[in-house]
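Shown next, in structure tokens, is the structure this report addresses.
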Amino acid sequence: MTNNLNAYFEKYLQKEMLFRDKKVFTMSYTPDSIEFRDEQIDIIAGILAPALRVEKPSNLFIYGKTGTGKTLTVRHTANHIQQVAKEKEIPVKVIYLNCKLKRVADTEYRLVAQLGYELGLTEEDIPPTGLPTDEVYKKFYRVLDKQKQVVILILDEIDQLVKKAGDEILYNLTRINSELKLAQVTIIGISNDLVFTDGLDTRVKSSLSEEELVFPPYNAFQIQNILKKRAKIAFKDGVIQEGVIEKCAAYAAREHGDVRRALELLRVSGELAERKGEEKIAFSHLDEAEDKIERDRVIDIIETQPKQFQALLYAVLKLSQNTQGFILTGEAYELYKSICYTIDLRPLTQRRISDVITELDMLGIINAKIISKGRFGRTREIALAIPSTTRPKVQTILEQGLAIQA
DNA sequence: TGTCCACTGGAAGGGAGGGCTT
DNA sequence: AAGCCCTCCCTTCCAGTGGACA
């Protein structure tokens with residue numbers, strides 16, 4: 001390769017590129033118009049409109065599965081309101097927070113701190129850690145209440161927040177208005193979890209869902225439509241083989257109508273085709289892309305896990321090579337312990353490992369199901385949720401990460 | 001029918017790592 | 001520097017449990 005580098009780059013430059021503009025594939029891309037969501041936009045706009053009269057809009061709760069356009073639609077509508085407010089000098093402020101982002105808004109302290117930052121406080125006012133939580137609240141209230149204004153607080157993936165930090169935080173937030181003299185806060189909660197509110201404190205529940213809105217999944221036709229529109233911007237003319245978009249949409253529709261998936265699939269297909277120097281994106285690229293996306297996701301997760309998690313995963317991997325069927329918690333724990341001893345790592349307790357198993361399950365790296373073996377106790381059946389083609393690679397990564405000689 | 005296994009998962013708490021105020 | 005308060009990761013302790021078996 002070294003000797004041919006010039007030739008390679010030369011060829012690279014000459015090669016017909018498939019992409020015209022990749023920005024439509026980024027998360028932050030907002031199309032001028034949002035397809036198939038007029039109804040939802042109208043409803044949201046109607047609910048938020050009182051903000052323009054500096055009255056507090058009702059709180060709103062939005063459900064819908066991933067990739068159904070919730071975030072996009074809400075932000076789109078809220079931005080419009082803010083735009084109008086700005087022109088007419090009406091004091092409306094929109095704050096958008098994604099509660100899932102680690103180290104941003106996944107605990108009560110950090111959420112409130114983040115809200116403070118959004119309102120102009122700095123890390124000097126609220127350090128990332130250290131203050132009592134109610135002190136952070138006070139600082140937040142103070143900056144919020146400095147002027148008469150309506151604040152629209154959009155909490156995306158709010159279910160994640162509650163799962164990690166409990167629902168007390170929502171209780172505090174819904175009561176926030178009674179603490180304020182000038183400002184008013186409206187909360188828009190967005191959740192992927194359709195039964196999320198079931199577990200909430202009833203007071204929180206009723207106050208948070210003054211209004212509710214459900215985003216249905218897109219159907220195959222709608223996904224197709226959206227894909228075509230974006231593909232027109234993203235790719236040069238005629239580089240997508242007939243039927244590829246349709247199939248892409250069909251995949252995604254089957255997988256719960258997730259447009260984000262569909263877009264990613266299309267992008268990766270394009271990249272694969274381009275890298276191979278092909279002129280058209282074909283069905284084969286679509287299949288390859290599906291594989292690659294899953295593989296990258298798995299590898300990315302595994303590489304960033306702490307050693308303890310990796311050691312456990314290695315144990316599960318080894319066990320699933322040697323035994324047919326399921327692995328039980330006890331077995332996995334025993335092997336994990338002996339792995340720890342050979343690599344000089346202090347093993348965690350079984351209780352902790354139990355939580356680690358749950359975490360890996362939630363990441364989709366393993367499947368763990370509680371079963372009862374009657375007289376022989378209750379435990380979890382664990383199975384690796386990694387496609388067999390990816391396992392050798394995973395094994396190498398783990399062996400490197402843990403410094404194990406194969 | 002009751003027993004009893006091999007765990008699960010809740011509760012409490014410790015201590016390391018951080019930063020605050022005084 | 002002392003004394004708080006925070007989060008995160010972890011341990012210890014323990015009550016709870018579905019269902020095969022006696």
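Nearest approach of A:Ala183 to A:Leu180, heavy atoms of both residues: O-CB, 3.4 Å.
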### Query
For A:Tyr63 and A:Phe215, what are the C-alpha separation, side-chain angles and deciding distance, and is it a ring-ring contact (aromatic ring centres under 6.0 Å, His included)?
CA-CA 6 Å; A:Tyr63 312 85; A:Phe215 276 60; over 10 Å; no
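Interatomic distance, CD1 of A:Ile41 versus OG1 of A:Thr77, reported as 5.0 Å (0.5 Å rounding). In this structure, NZ in A:Lys247 is found 6.0 Å from CG in A:Leu286, a value given to the nearest 0.5 Å. Atoms CD and CG, on A:Glu290 and A:Leu265 in that order, are 5.5 Å from each other to the nearest 0.5 Å. A distance of 3.5 Å separates OH of A:Tyr336 from CG of A:Leu348, quoted to the nearest 0.5 Å.
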Please tabulate, one pair per line, all N/O donor-acceptor pairs under 3.5 Å involving side-chain atoms of residues 349-359 of chain A, not counting sequence neighbours.
unit_1: A:Thr349; atom_1: OG1; unit_2: A:Arg352; atom_2: N; d: 3.4
unit_1: A:Arg351; atom_1: NH1; unit_2: A:Asp355; atom_2: OD1; d: 3.0
unit_1: A:Arg351; atom_1: NH1; unit_2: A:Asp355; atom_2: OD2; d: 3.3
unit_1: A:Ser354; atom_1: OG; unit_2: A:Arg380; atom_2: NH2; d: 2.8
unit_1: A:Thr358; atom_1: OG1; unit_2: A:Ser354; atom_2: O; d: 3.0
unit_1: A:Thr358; atom_1: OG1; unit_2: A:Arg380; atom_2: NH1; d: 2.9

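Between A:Thr349 and the phosphate of C:dT11, there is a side-chain N or O to OP1/OP2 separation shorter than 4.0 Å.
Note: CZ (A:Arg352) to P (C:dC13) measures 18 Å, nearest angstrom. When the P atom of C:dA20 is taken as reference, atom CD1 of A:Ile371 falls 10 Å away, rounded to whole Å.
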### Per-nucleotide protein contact string for nucleotides 3-12 of chain B, where B marks a base within reach and S marks sugar-phosphate only (heavy atoms under 4.0 Å, - for neither)
--BBSSBB--
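Side-chain contact check for A:Asn59 and A:Thr186: no donor-acceptor pair (N or O, by modelled atom type) lies under 3.5 Å.
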Listed pairs, N/O of protein and of nucleotides 14-16 of chain B, under 3.5 Å:
none

